[in-house]
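To keep things clear, I will list the structure first and then write my remarks on it.
As the structure lists them, so they are numbered: ligands from 1, and atoms in each ligand from 1. Worth saying up front: this structure is predicted, and the values here are computed from it rather than measured.
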Amino acid sequence: MKRRAGEREKELKKKKLLEELGEKRLPYVTPADADFRQLWKTKYSKLIFRKSDTVPEDLHQMVQEGFLTLREQDCFFQDLVRIKGKDFLTPVSRILIGNPGCTYKYLNTRLFTVPWPTEGYDIKYCSPQIHDACKALIRLNDYLHIEAVKALQGQNFFETKEIKDTTVIDREQNFATPLTEKGSVSKDQSSCCVPEDDYISLKNRTSYNLTLLNYMDPLQMLYLKQEPYFGMGNMAVSWHHDENLVERSTVAVYSYSCEGSAMEESNEQKLKGRDPAVWHVGLKVAWDIETPGLAIPLHQGDFYLMLDDLNMTHQHCVLAGFSPRFSSTHRVADCSRGTLEYIFGQCELALQNLQTDSDSMALSLKSLETAVIKQVEEIHNEVEFEWLRQFWFQGRRYLKCTDWWLKPMAQLEEFWRKMEIMTSLVLSEVGKEEQTEEQRNETINCFLLALTERQRLRKEWTARCQSEAAESLPEDQKPECHPFWTDDECDMPLPYDLEEVIANLQNLVQ
Ligand SMILES: O=C(O)CCC(=O)C(=O)O
Ligand SMILES: [Fe+2]
């Protein structure tokens, strides 16, 4: 609730600013402006930009081929995100690639990684080309990790003296260079004062666990939003901070616009502002209308890094050019609650409260303690709404690349079914008079809270699946409202619609 109030405040502030602006626009600069360097150095110094010729040619080739493969095989999808209670289809199409079992949540949408080739995992891809594409992206990931480490060292964020003479990453297939190659100080100086912590945090904040790929062909888009503050023109991605990242972690973005070989810069340009033919990344200082904005042109194969807290202090947007364009945005996702390992652990914890009688095979709950029931019912909600419904909402898209997620999803559903039984067991227990009234009321109130949340979220997901935007999607991308059942499907212990169950419980406590 507190968060929603904060969001409302921000919304009002934004609206007021736009009203004040009226027809006027705030100033912004591009490399063509005289004060560009100065502004970059003083207000945007944590933005690092590298031209394509600094990247090894074979890496360009692999990665760009990978992008084209993924497009050919229809692996990019527009996301049906939810912003302030409304459903929107993102103009850009996306695919998430990364560590097996990892997810990334943005705008109320949890994306599931197509796993990149990882030692110890047997991953089946729908084609050898998709395997190659994922492999190219992990190589790019390794390369950008090293570039980010170097950039941070260059900025002296970390006095990284004690760095062992090893490579930054130890996968065999990489472009790793020894960390000692540049910038770091020789070992004999190291012993005194420099905490190993710096090295660890430097590594943690650049060890990307996934990349979110974007694709858009502007010619296919009937309508693109106009950048509202500076008049920067067509936007592919509106102003935002990246969500769900480890604090102060770097974001690295490789950009591949499919420009013709003779670059299609508008010829009569040189008027003012950015070239509308060329893709740009836009940056602005958050909540600041004094500092001019920045628009950086991005040509085929360029990349940029957002270091340290830049993503917190600034917002960025993507300004569309005329040609189709891919980007690969490498991130350190905060997956403390976002991995399969985590959610399986949670399920295991919940199911510890379920026991089977060895003779009758009857199921019962071990404990009826309020805290235990609360925990189990909260995990029930977590697995249902953060995993199962999120996954099936995205239809069958993941099957375009790999069937990797099907097995764990089936397993999670199995656990969730057991939790439906557990909920029904709580219901039949709380009616009994084995506890004092006070204890009973406490348990029921706690239980009610979880069930009310479940009912609210089931309604929200049902509505999301039936939104106009959802209906507009092609058949194989239509959201599935799953799990869903009707009252006459008697293998489910409780109804899908919990309204009556909740009303009965409310009567019990009154
Ligand atoms: O494509 C880019 O340059 C950046 C995209 C972006 O900001 C995002 O996906 O969050
Ligand atoms: Fe972003």
Side-chain angles (χ1 to χ4, degrees), residues 30 44 46-52 55 63-64 67 70-71 76-79 81 83 88-98 103-111 113 137 140-141 144 147-148 208-218 221 224-225 227 232-246 248-259 274 278-284 286 293-321 323-334:
T30 72
Y44 295 90
K46 291 178 184 178
L47 175 76
I48 304 289
F49 172 82
R50 294 274 184 272
K51 282 217 73 56
S52 68
V55 178
V63 169
Q64 294 176 10
F67 284 143
L70 293 171
R71 181 176 65 179
F76 287 95
F77 297 96
Q78 290 175 282
D79 289 322
V81 298
I83 312 174
F88 296 95
L89 214 46
T90 57
V92 295
S93 302
R94 309 194 135 129
I95 176 180
L96 186 72
I97 300 179
T103 67
Y104 179 68
K105 200 172 167 188
Y106 86 106
L107 300 176
N108 298 304
T109 303
R110 182 180 299 282
L111 298 178
T113 52
L137 284 152
L140 179 61
N141 200 65
L144 292 173
E147 289 305 307
Y208 310 121
N209 44 17
L210 47 81
T211 171
L212 181 58
L213 270 57
N214 296 315
Y215 172 72
M216 196 185 94
D217 178 357
M221 303 309 294
L224 286 175
K225 261 203 219 158
E227 191 290 309
M232 290 170 169
N234 287 345
M235 281 190 303
V237 183
S238 308
W239 289 110
H240 67 284
H241 302 276
D242 288 345
E243 302 178 58
N244 194 207
L245 303 178
V246 163
R248 289 179 176 264
S249 60
T250 298
V251 178
V253 181
Y254 178 88
S255 180
Y256 172 46
S257 37
C258 314
E259 301 144 346
R274 67 114 174 170
V278 175
W279 284 80
H280 289 67
V281 58
L283 279 116
K284 75 198 244 312
L294 209 61
I296 313 268
L298 298 169
H299 291 293
Q300 202 170 87
D302 295 344
F303 75 88
Y304 63 91
L305 307 172
M306 294 190 277
L307 299 184
D308 197 44
D309 61 351
L310 181 70
N311 179 51
M312 283 147 63
T313 55
H314 294 59
Q315 289 173 300
H316 59 284
C317 72
V318 183
L319 304 162
S323 47
R325 182 241 191 195
F326 299 88
S327 70
S328 180
T329 66
H330 300 250
R331 306 164 193 243
V332 189
D334 168 12

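- Between Arg50 and Val55 there is no side-chain heavy-atom pair separated by less than 4.5 Å.
- Inter-residue side-chain proximity for Val63 and Tyr254 is flagged as met; some heavy-atom pair is nearer than 4.5 Å.
- By the criterion of a heavy-atom distance under 4.0 Å, the side chain of Asp242, and not its backbone, is placed next to ligand 1.
- Leu137 is listed as a side-chain neighbour of Leu70, based on a closest heavy-atom distance under 4.5 Å.
- Of the possible donor and acceptor atoms, one in the side chain of His241 sits under 3.5 Å from a partner among the backbone N and O of Asn311.
- Residue side and main chain included, His241 places no N/O/S atom under 2.8 Å of the Fe ion (ligand 2).
- Between Phe67 and Tyr256, the two ring planes are parallel [angle under 30°; tilted spans 30° to 60°].
- Shortest distance from the Fe ion (ligand 2) to Asp242 is reached at OD1 (N/O/S atoms only).
- Considering Tyr304, Trp239, Trp279 only, the shortest heavy-atom separation from atom 2 (C) of ligand 1 involves Tyr304.
- Here the protein heavy atom with the shortest distance to atom 8 (C) of ligand 1 is Arg331 NH2, 3.2 Å.
- When Asn214, Leu213, Thr90 are checked for heavy-atom proximity to atom 9 (O) of ligand 1, Asn214 turns out nearest.
- Within the 3.5 Å criterion, the main-chain N or O of Thr329 finds a donor-acceptor partner in the side chain of Thr211.
- Residue contact check: His316 has heavy atoms under 4.0 Å from atoms 7 (O) of ligand 1.
- Considering each of Met306, Arg94, Arg325, the one bringing a non-hydrogen atom nearest atom 1 (O) of ligand 1 is Arg325.
- Here is the list of ligand 1 atoms found below 4.0 Å of a heavy atom in Val318: 1 (O), 2 (C), 3 (O), 4 (C), 5 (C).
- The Ser327 neighbourhood of ligand 1 comprises atoms 1 (O), 2 (C), with distances under 4.0 Å to a heavy atom of that residue.
- A donor-acceptor pair is defined here as one N or O able to donate and one able to accept, closer than 3.5 Å; no such pair exists between the side chain of Glu227 and the backbone of Gly233.
- Here the N, O or S atom of His316 that is nearest to the Fe ion (ligand 2) is NE2.
- Counting heavy atoms under 4.0 Å from ligand 1, residue Val253 touches it through the side chain alone.
- Using a 4.5 Å heavy-atom cutoff, the side chains of Pro91 and Leu224 are in contact.
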